[in-house]
Amino acid sequence: MAYSEAQVLAGGLAHIPILIGLVGFFERFRNAISKNPGKGRVEKKKSVQTPNKPPEKPSSTPKAVKKPAHPNVPVNTYKPKSPFEGTVTENYSLLKDGAIGRVNHITFDLSGGEPQLKYVEGQSIGIIPAGEDAKGKPHKIRLYSIASTKYGDDFKGNTVSLCVRQLQYEKEGETIDGVCSTYLCNINPGDKVKITGPVGKEMLLPEDENANIIMLATGTGIAPMRAYLRKMFEPTEREKNNWNFKGKAWLFMGAPKTANLLYDEDFEHYKSKFPENLRYTKAISREEKNSSGGRMYIQDRVLENADELFSMIEDEKTHIYLCGLKGMEPGIDEAMSKAASSKGLNWSELRPQLKKAGRWHVETY
Ligand code: FAD
Ligand code: A2P
């Protein structure tokens, strides 16, 4: 309703019931959308005047300051100019015989920092590789998703673990090794490493123990998911964190070969212990074919499971996490669009609503 119309209406007492009715209508409409994000568009909040209140001044009057989201989550305790020096405690391959490439699980001791570098599940840390770049300057930081829970793999609360794929590509007949990923895959227990962070609030888990968590990961995109799944299903972790996860978790994992599946035994074990709470669906791109005869990707698995996935997404307790190759985003979007329309939903409307509701979490690189 236009502002001038509201003033005219407010002048006539006879119109009060109409206005009250309109306010109620907007309120019900807004509630319906926040409960049912798939069923309509989110509109910008309109200022509806009630007859007893003076009209709102245009926005020069300061509104209540929006509290920062997740104020207790640590951010940038250590900055690139003064990084923390962590000590490598473990560095081992996550791959089986016959796998493609090199992916390692690497753990750093964080104790001794003043203050200690603390983090929560879903954050990332920065690594500054040793040495200098071609211009003789220190290397820039690279970010890595944290693969451990805040209690660390040994539950003592003073380590952080990463899952790192060595970048290697061919250029003019030469094999080029990525600077930081090669540095990390080659370091040894006892080595000191410059660490910054933690950073990121995009991939945090909800606090609700009844939340449902859909995870879509390719390759090392499994790192944050490994932390979530440990937090949900690892017995000592559950004792420590006091977070009695009761919702449904569904992991879609994409890897080129079976031998490239990361943390697979752990996830299979959690599934056997918590069959009601965990589903684990793999897409092995170079061993399985999709329905069109192409490589099997996680988006093909999304389509195969469209009905169940969208029944979950219609529940407002459901969060979706996407992590890994940037290139998978269009494919996932396309699959979600098809899957949504098979349920009579419009993904291009639904996705921004999920994002706005803090239920759609993406970290790709
Ligand atoms: P660099 O030496 O920096 O080389 C990378 C550069 O090489 C590219 O910028 C590009 O210019 C070039 N290049 C790359 N591929 C090709 C190609 N095929 N042909 C020609 N040129 C090419 N990585 C992980 O392994 N695990 C993680 O958990 C992880 N988490 C991340 C989280 C976030 C939020 C972000 C932003 C990134 C994450 N990464 C992760 C990626 C990581 O930060 C590094 O980008 C990656 O390890 C490569 O760094 P590098 O120093 O080895 O490569
Ligand atoms: P492929 O490389 O066979 O094309 P990793 O990081 O260990 O290589 O795993 C990444 C996985 O993601 C691989 O199975 C890879 O398949 C797959 N992948 C590659 N491109 C896409 C894409 N656009 N969408 C989804 N998955 C992809």
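We count residues from 1, following the sequence as given.
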Chemist: Yes or no on salt bridge (Lys or Arg N to Asp or Glu O under 4.0 Å) for Glu268 and Lys271, after CA distance, side-chain angles and deciding distance?
Modeler: CA-CA 5 Å; Glu268 288 291 353; Lys271 197 177 86 169; 3.8 Å; yes
Chemist: Look only at the side chain of Ser292 and the backbone of Gly294, and say whether a donor-acceptor pair between them is shorter than 3.5 Å.
Modeler: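 No; zero donor-acceptor contacts below 3.5 Å.
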Chemist: List the atom of Val103, the atom of Cys163, and the distance in Å for their closest heavy-atom pair.
Modeler: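 Taking every non-hydrogen atom into account, CG1-SG, 3.9 Å.
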Chemist: If you group Ile, Leu, Val, Met, Phe, Trp and Tyr by side-chain heavy-atom gaps below 4.5 Å, do Met215 and Phe274 land in one group?
Modeler: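 Yes.
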Chemist: For the pair Tyr78 (side chain) and Pro115 (backbone), establish whether a donor and an acceptor sit closer than 3.5 Å, ignoring hydrogens and angles.
Modeler: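 The answer is yes, because a donor-acceptor pair under 3.5 Å joins these two groups.
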Chemist: Lys135 vs Asp133, test: salt bridge (Lys or Arg N to Asp or Glu O under 4.0 Å). Steps then yes/no.
Modeler: CA-CA 5 Å; Lys135 293 179 187 153; Asp133 65 16; over 6 Å; no
Chemist: Indicate yes or no: at least one non-hydrogen side-chain atom of Arg351 is less than 4.5 angstrom from one of Asp333.
Modeler: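 Yes, their side chains come closer than 4.5 Å.
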Chemist: Does any non-hydrogen side-chain atom of Thr149 lie less than 4.5 Å from one of Trp243?
Modeler: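 No, their side chains stay 4.5 Å or more apart.
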Chemist: Minimum heavy-atom separation for Gly122 and Pro224, please, with both atom names.
Modeler: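 So the two residues come closest at CA-CB, 4.5 Å.
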Chemist: What's the spacing between Asn91 CG and Ile106 CD1 if we round to 0.5 Å?
Modeler: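 CD1 of Ile106 is found 4.5 Å from CG of Asn91.
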Chemist: Any side-chain donor-acceptor pair under 3.5 Å between Ser148 and Tyr119?
Modeler: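 There is such a pair (donor and acceptor under 3.5 Å, judged by atom type) between the side chains of Ser148 and Tyr119.
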Chemist: Is a donor from one side chain sitting under 3.5 angstrom from an acceptor on the other, for Trp250 and Thr281?
Modeler: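 Result is yes, a qualifying pair exists.
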Chemist: Closer than 3.5 angstrom, by distance alone: can the side chain of Asn212 be matched with the main-chain N or O of Lys248 as a donor-acceptor pair?
Modeler: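 Yes; judged by distance alone, with no hydrogens or angles, the pair exists.
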Chemist: Is Asn188 close to Val88 at the side-chain level, that is, under 4.5 Å between some pair of heavy atoms?
Modeler: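 The answer is no; the side chains never approach within 4.5 Å.
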Chemist: Find the distance between CE (Met336) and CG (Leu354) and round it off to the nearest 0.5 Å.
Modeler: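 Going from CE on Met336 over to CG on Leu354, the span is 8.0 Å.
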Chemist: Just verifying a value: how many Å separate Thr196 OG1 and Asn76 CG, rounded to the nearest 0.5 Å?
Modeler: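 CG of Asn76 is found 7.0 Å from OG1 of Thr196.
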Chemist: State whether a side-chain donor-acceptor pair under 3.5 Å links Ser181 with Gln166.
Modeler: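 Per modelled atom types, Ser181 and Gln166 side chains form no pair under 3.5 Å.
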Chemist: Evaluate the side-chain proximity of Glu234 to Phe155: yes if any heavy-atom separation is below 4.5 Å, no if none is.
Modeler: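 Phe155 reaches Glu234 side chain to side chain.
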Chemist: Would one find more than 12 heavy atoms of other residues, nucleotides or ligands at under 6.0 Å from atom CD of Glu170?
Modeler: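 Counting neighbours around CD of Glu170, more than 12 heavy atoms of other residues, nucleotides or ligands fall under 6.0 Å, so yes.
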Chemist: Return the minimal non-hydrogen interatomic distance between Glu349 and Pro352, and the atom names on each side.
Modeler: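 Taking every non-hydrogen atom into account, O-CD, 3.4 Å.
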Chemist: Distance-only check: which donor-acceptor pairs under 3.5 Å involve side-chain atoms of residues 320-331, not counting sequence neighbours?
Modeler:
unit_1 : atom_1 : unit_2 : atom_2 : d
Tyr321 : OH     : Leu204 : O      : 2.7
Lys326 : NZ     : Thr364 : OG1    : 3.4
Glu329 : OE2    : Thr364 : OG1    : 2.4

Chemist: Flag the pair His269 / Phe233 as yes when their ring centroid distance falls below 6.0 Å, and as no otherwise.
Modeler: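 Ring centres of Phe233 and His269 not closer than 6.0 Å.
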Chemist: So Pro206 and Lys317, do their side chains get closer than 4.5 Å, heavy atoms only?
Modeler: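 No. Closest side-chain heavy atoms not under 4.5 Å.
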Chemist: Among residues at least two apart in sequence or on other chains, which ones pass salt bridge (charged side-chain N to carboxylate O under 4.0 Å, His left out) with Glu334?
Modeler: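 For Glu334, the residues satisfying salt bridge (charged side-chain N to carboxylate O under 4.0 Å, His left out) (neighbours in sequence not counted) are Lys338.
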Chemist: Any side-chain to backbone donor/acceptor pair from Gln168 onto Arg102? Under 3.5 Å, distance only.
Modeler: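 Looks like no, no N/O pair under 3.5 Å.
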Chemist: Backbone N or O of Met312 within a donor-acceptor pair of the Thr318 side chain at under 3.5 Å?
Modeler: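 Present.
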Chemist: Identify the two heavy atoms, one from Leu110 and one from Phe84, that lie closest to each other, and give their separation to 0.1 Å.
Modeler: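 The pair with the smallest heavy-atom distance is O-CZ, 3.3 Å.
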Chemist: Look at the side chain of Arg142 and the backbone N and O of Lys140, then say whether any donor-acceptor pair between them is shorter than 3.5 Å.
Modeler: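 Yes; judged by distance alone, with no hydrogens or angles, the pair exists.
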Chemist: Could you tell me if the side chain of Tyr263 sits less than 4.5 Å from the side chain of His105, heavy atoms only?
Modeler: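 Of all side-chain heavy-atom pairs linking Tyr263 with His105, at least one is under 4.5 Å.
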Chemist: Applying a strict under-4.5 Å side-chain criterion to I, L, V, M, F, W and Y, I'd like to know whether Tyr144 and Val199 cluster together.
Modeler: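 They do not share one cluster, since no chain of ILVMFWY contacts under 4.5 Å joins Tyr144 to Val199.
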Chemist: Yes or no on side-chain contact (heavy atoms from CB on, under 4.5 Å) for Leu278 and Leu229, after CA distance, side-chain angles and deciding distance?
Modeler: CA-CA 9 Å; Leu278 177 60; Leu229 292 164; 3.8 Å; yes
Chemist: Are Ile127 and Leu162 close enough that some pair of their side-chain heavy atoms sits under 4.5 Å apart?
Modeler: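 The answer is yes; the side chains approach within 4.5 Å.
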Chemist: Within the structure provided, determine whether Pro83 and Ile195 are in side-chain contact (heavy-atom separation under 4.5 Å).
Modeler: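 The answer is no; the side chains never approach within 4.5 Å.
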Chemist: Quick check: is Ile332 connected to Met225 through a chain of hydrophobic side chains (ILVMFWY, heavy atoms under 4.5 Å apart)?
Modeler: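 Hydrophobic grouping puts Met225 apart from Ile332.
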Chemist: Residues two or more places apart in sequence or in another chain: which of them pass salt bridge (charged side-chain N to carboxylate O under 4.0 Å, His left out) with Arg238?
Modeler: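 Per chain and number, Arg238 pairs via salt bridge (charged side-chain N to carboxylate O under 4.0 Å, His left out) with no residue.
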Chemist: Using the rule that two of Ile, Leu, Val, Met, Phe, Trp, Tyr join whenever any of their side-chain heavy atoms come within less than 4.5 Å, decide whether Ile187 and Leu95 are in one cluster.
Modeler: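 Per the 4.5 Å side-chain linkage, Ile187 and Leu95 are not co-clustered.
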Chemist: Which is it for Asp109 and Lys156 under the salt bridge (Lys or Arg N to Asp or Glu O under 4.0 Å) test, yes or no, and what are the steps along the way?
Modeler: CA-CA 10 Å; Asp109 185 354; Lys156 292 186 180 145; over 6 Å; no
Chemist: Start with the C-alpha gap between Lys343 and Glu314, add the side-chain angles, then the distance that decides, and say whether side-chain contact (heavy atoms from CB on, under 4.5 Å) holds.
Modeler: CA-CA 10 Å; Lys343 297 269 288 177; Glu314 282 181 291; 3.8 Å; yes
Chemist: Between Val302 and Leu309, is a side-chain contact (heavy atoms from CB on, under 4.5 Å) present by the stated rule, with each step listed?
Modeler: CA-CA 8 Å; Val302 163; Leu309 274 173; 3.9 Å; yes
Chemist: Do any N or O atoms from the side chain of Lys240 and from the backbone of Tyr151 form a donor-acceptor pair under 3.5 angstrom?
Modeler: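 Looks like no, no N/O pair under 3.5 Å.
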Chemist: Taking Asn277 for its side chain and Gly247 for its backbone only, find out whether a donor-acceptor pair lies under 3.5 Å.
Modeler: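 A pair under 3.5 Å: yes.
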Chemist: Any donor and acceptor pair, going by atom type alone, linking the side chain of Arg226 with main-chain N or O of Ala147 inside 3.5 Å?
Modeler: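 At least one qualifying donor-acceptor pair exists.
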Chemist: Transitively linked via ILVMFWY side-chain contacts under 4.5 Å: Tyr92 with Val193?
Modeler: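 The answer is no; the residues belong to distinct hydrophobic clusters.
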Chemist: In this structure, are over 12 heavy atoms from other groups packed under 6.0 Å from Lys231 atom NZ?
Modeler: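 It does: Lys231 NZ has more than 12 such atoms within range.
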Chemist: Run the side-chain contact (heavy atoms from CB on, under 4.5 Å) test on Ile213 and Phe245 for me, step by step, so that the C-alpha distance in whole Å, both residues' side-chain angles and the decisive distance to 0.1 Å come before the verdict.
Modeler: CA-CA 10 Å; Ile213 309 294; Phe245 178 73; 4.1 Å; yes
Chemist: For Ser111, does its backbone N or O pair with a side-chain atom of Asn158 as donor and acceptor, under 3.5 Å?
Modeler: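 No, Asn158 side chain to Ser111 backbone: no donor-acceptor pair under 3.5 Å.
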Chemist: Is the ring pair Tyr280/Phe267 parallel, tilted or perpendicular, if the boundaries are 30 and 60 degrees?
Modeler: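 Judged by the thresholds at 30° and 60°, the geometry between Tyr280 and Phe267 is perpendicular.
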Chemist: Can you see which heavy atom on Pro74 is nearest to which on Gln123, and at what distance?
Modeler: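 Shortest heavy-atom contact: O-NE2, 2.8 Å.
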Chemist: Looking only at side chains, do Asn241 and Arg230 share a donor and an acceptor under 3.5 Å apart?
Modeler: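 No, no side-chain donor-acceptor contact under 3.5 Å.
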Chemist: Should we say atom NZ of Lys79 is surrounded by more than 12 heavy atoms from elsewhere, each under 6.0 Å from it?
Modeler: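 Atom NZ in Lys79 is not packed in, count stays at 12 or less.
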Chemist: Do you know which of His319, Lys355, Glu202 makes side-chain hydrogen bond (donor to acceptor under 3.5 Å, both in side chains) with His361?
Modeler: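 Passing option: His319.
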Chemist: Supply the atom-to-atom distance Ile125 CD1 to Ser161 OG, rounded to the nearest 0.5 angstrom.
Modeler: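 Atom-to-atom, Ile125:CD1 and Ser161:OG are 9.0 Å apart.
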Chemist: How long is the gap from NZ on Lys96 to CG on Leu262, to the nearest 0.5 Å?
Modeler: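 With rounding to 0.5 Å, NZ (Lys96) is 9.0 Å from CG (Leu262).
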Chemist: Working to the nearest 0.5 Å, report the span between CE of Met296 and OG of Ser291.
Modeler: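 Reported value, rounded in 0.5 Å steps: 7.5 Å.
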